[in-house]
**Student:** 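Sending over a structure as structure tokens; questions will come in a sec.
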Amino acid sequence: MHLHDTRRRAVVSLEPLEPGHVGIYTCGPTVYAPQTLGNMRSQFTPDVLRRTLLADGLDVTFVTNITDVGHLVSDGDEGDDKIEAAAARTGSTAEEIAAHWTEQWATDRRRLGMLEPDHLPKATDYLPQQIEMVAMLEAKGHTYRIDDGVYFDVSTFPGYADFAGLDLTEMEASGRVDNIADKRHPADFALWKSSPEGSTRLQEWDSPWGVGFPGWHIECSAMSTDLLGVQFDIHTGGVDHIRVHHTNEVAQTECALGVHPWVPIWMHTEFLNLGAVKISKSKGHVLVVDTLVEEGIAPLAFRYFLFQAHYRAQQTFSLDLVRAADTALRRLVGHAVAARDAVGGEVVAPSGGRAAELRAAFWAAMHDDLNTPKAMSVVSTVARDPELTPAERWALLADADQVLAFGLSEATDPSAGGDVTDDPVVARRLADRQAAKEARDFATADAIRDELAADGIEITDTPDGPRARRR
RNA sequence: GGCGGCGUGGCCGAGUGGCUUAGGCAAGGGACUGCAAAUCCCUGUACCCGGGUUCGAUUCCCGGCGCCGCCUCCA
């Protein structure tokens, strides 16, 4: 398996720290609002990675977190907590807000065919670990205290700028990154934030530095190392995390735990370019999985859509493009079901030269830094290559579905649609139309078809007789 | 302004110094159908502009134009 590592800016070979096992950590959502389709893309990448490694026979531990405290709405290290703001806005508690959006996110993950995480830690459950890590940093002289809280002193970590290729001197010269007056360097960041004098936050905890709440980077360091070990194989997230969040995670973790490099491979998923359909989050109208459902698009069509572009390239989004993916997925499932049913669902090892060649091509693409577009081109070939027997076709598609997760083993013929003949009125109209057709009274037959179409029921004549499905 | 990336056929979107006509959707043709729809089969068009390197560049270098991201919470 070859993967792109952001730190080294190169595609490198995955060498598990512990043979046969791979630990993966992905920065999860801050649960104060729905996760957009763009957010879901950055969860999609590690799911594909994980499924590929599992198919390779590796033991994978996948951890992603729930950030239910600590991120701030404004720039730098000041401003209000997003979750507190959402709670204030809706008159709920912070816990209610977090629980609601956590559940929504988990539902969306499932609808997009993602495996459940092996661990799903919540930041609020890891206060002792976070405090401990801050204390370690303090003991090693990497921190200083100001009224606002405990800050990480980047000058104590010579490699601070390396991860993201930052220019610290310019950062210093070009002035403020935020408004925390007492910070020694603009890049210094909060490890522990003190609660404001005389006021009480919804979420605050006691600590060696007084009542407050953890800084916004320390949770990932604490949870990932607690669950995966001091070092683990792969850390993923969105590209927007490279500059600040991951740079700071690396700094505090390497300093606290004395390891370098802390994580060998950092993978970052590019943005989904929402372009014209971009809708402001603050207006409460966002593109989410439910938006697709409302448009009559299957969530798995979005998964198919994501497979069509490489995770390190920005991908153009539009509803029409996802509809195109929906069509492509439906046809793929049709081929898969036909092949599967032709061989009674039995999966045999692909034996023929052509089959072996295609299977190798699929996995080679996946192992080449998750080249899913290339892999999908192989899948499309497999779906209709005339040289393959149905048994070979089904074996290859079932094999690929370990990663695709389109549910090919359980899928039904998509052209069949849902059965609507249990509605007596519809059933009678269908019978009327059949009678008219047999009497060669096509005017009447077509009128009934149009009438049912107006009610959203689509009639399809097939060699086996008419089929009706609700659109 | 600084840093990074991109510009491929109608729309997406892989890829390569000289046979991948990648693949998907759309489009056109055909099969099927009473007609459709759905489905299946077949087919076409490409590498932003200008230089350069090279026997040869879509692929490498330089310049230009255009677009995007980050630099501020953000996947």
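A note on names: the letters A, B, ... follow the listed sequences, proteins ahead of strands, and every chain is numbered from 1.
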**Student:** Counting only side-chain N and O atoms of A/Ser318, is one of them less than 4.0 Å from OP1 or OP2 of B/C12?
**Tutor:** no
**Student:** Need one value for A/Arg433: base, sugar-phosphate or nothing, where a base atom within 4.0 Å counts as base even if backbone is also close, heavy atoms only.
**Tutor:**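 Base contact.
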**Student:** Which is more 5' along RNA chain B, the nucleotide nearest A/Gln315 or the one nearest A/Val378? Just name the residue.
**Tutor:**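 Nearer the 5' end of the strand: A/Gln315.
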**Student:** Mind checking who B/U72 pairs with, Watson-Crick or G-U wobble, both distances under 3.5 Å?
**Tutor:** none
**Student:** Here's one to test your reading of the geometry: is the NZ or CZ of A/Arg359 within 45 degrees of the ring axis of A/Trp363 and under 6.0 Å from its centre?
**Tutor:** no
**Student:** Looking for any heavy atom pair under 4.0 Å, which part of the strands does A/Ala313 touch: base, sugar-phosphate only, or nothing?
**Tutor:**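 Since only primed, P, OP1 and OP2 atoms lie under 4.0 Å of A/Ala313, the category is sugar-phosphate.
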**Student:** Regarding A/Ser380, tell me which of base, sugar-phosphate or nothing describes its non-hydrogen contacts under 4.0 Å with the strands shown.
**Tutor:** sugar-phosphate
**Student:** Regarding A/Gly38, tell me which of base, sugar-phosphate or nothing describes its non-hydrogen contacts under 4.0 Å with the strands shown.
**Tutor:** base
**Student:** Is A/His335 close enough to B/C40 that one of its side-chain N or O atoms is under 4.0 Å from OP1 or OP2 there?
**Tutor:**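 A/His335 to B/C40 OP1/OP2: side-chain N or O found under 4.0 Å.
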**Student:** Which nucleotide wins on minimum distance to the side chain of A/Arg243, given the candidates B/A22, B/C3, B/G34?
**Tutor:** B/C3
**Student:** Taking salt bridge (charged side-chain N to carboxylate O under 4.0 Å, His left out) as the cut-off, I'd like each qualifying pair that reaches into residues 360-373 of chain A, sequence neighbours left out, listed once.
**Tutor:**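 As it turns out, the salt bridge (charged side-chain N to carboxylate O under 4.0 Å, His left out) pairs with a partner in residues 360-373 of chain A, which skip direct neighbours, are A/Arg312-A/Asp369.
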**Student:** From B/A75, B/G23, B/C11, pick the nucleotide closest to the side chain of A/Gln308?
**Tutor:**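 Among B/A75, B/G23, B/C11, the one nearest the side chain of A/Gln308 is B/G23.
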**Student:** Within the structure, does a side-chain N or O atom of A/Arg331 lie under 4.0 Å from either OP1 or OP2 of B/U39?
**Tutor:** yes
**Student:** Identify whether any heavy atom of A/His268 sits under 4.0 Å from a base atom; if not, whether one sits that close to sugar-phosphate; answer base, sugar-phosphate or nothing.
**Tutor:**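 No contact at all - A/His268 keeps every heavy atom at 4.0 Å or more from the nucleic acid.
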**Student:** Looking for any heavy atom pair under 4.0 Å, which part of the strands does A/Asp446 touch: base, sugar-phosphate only, or nothing?
**Tutor:** base
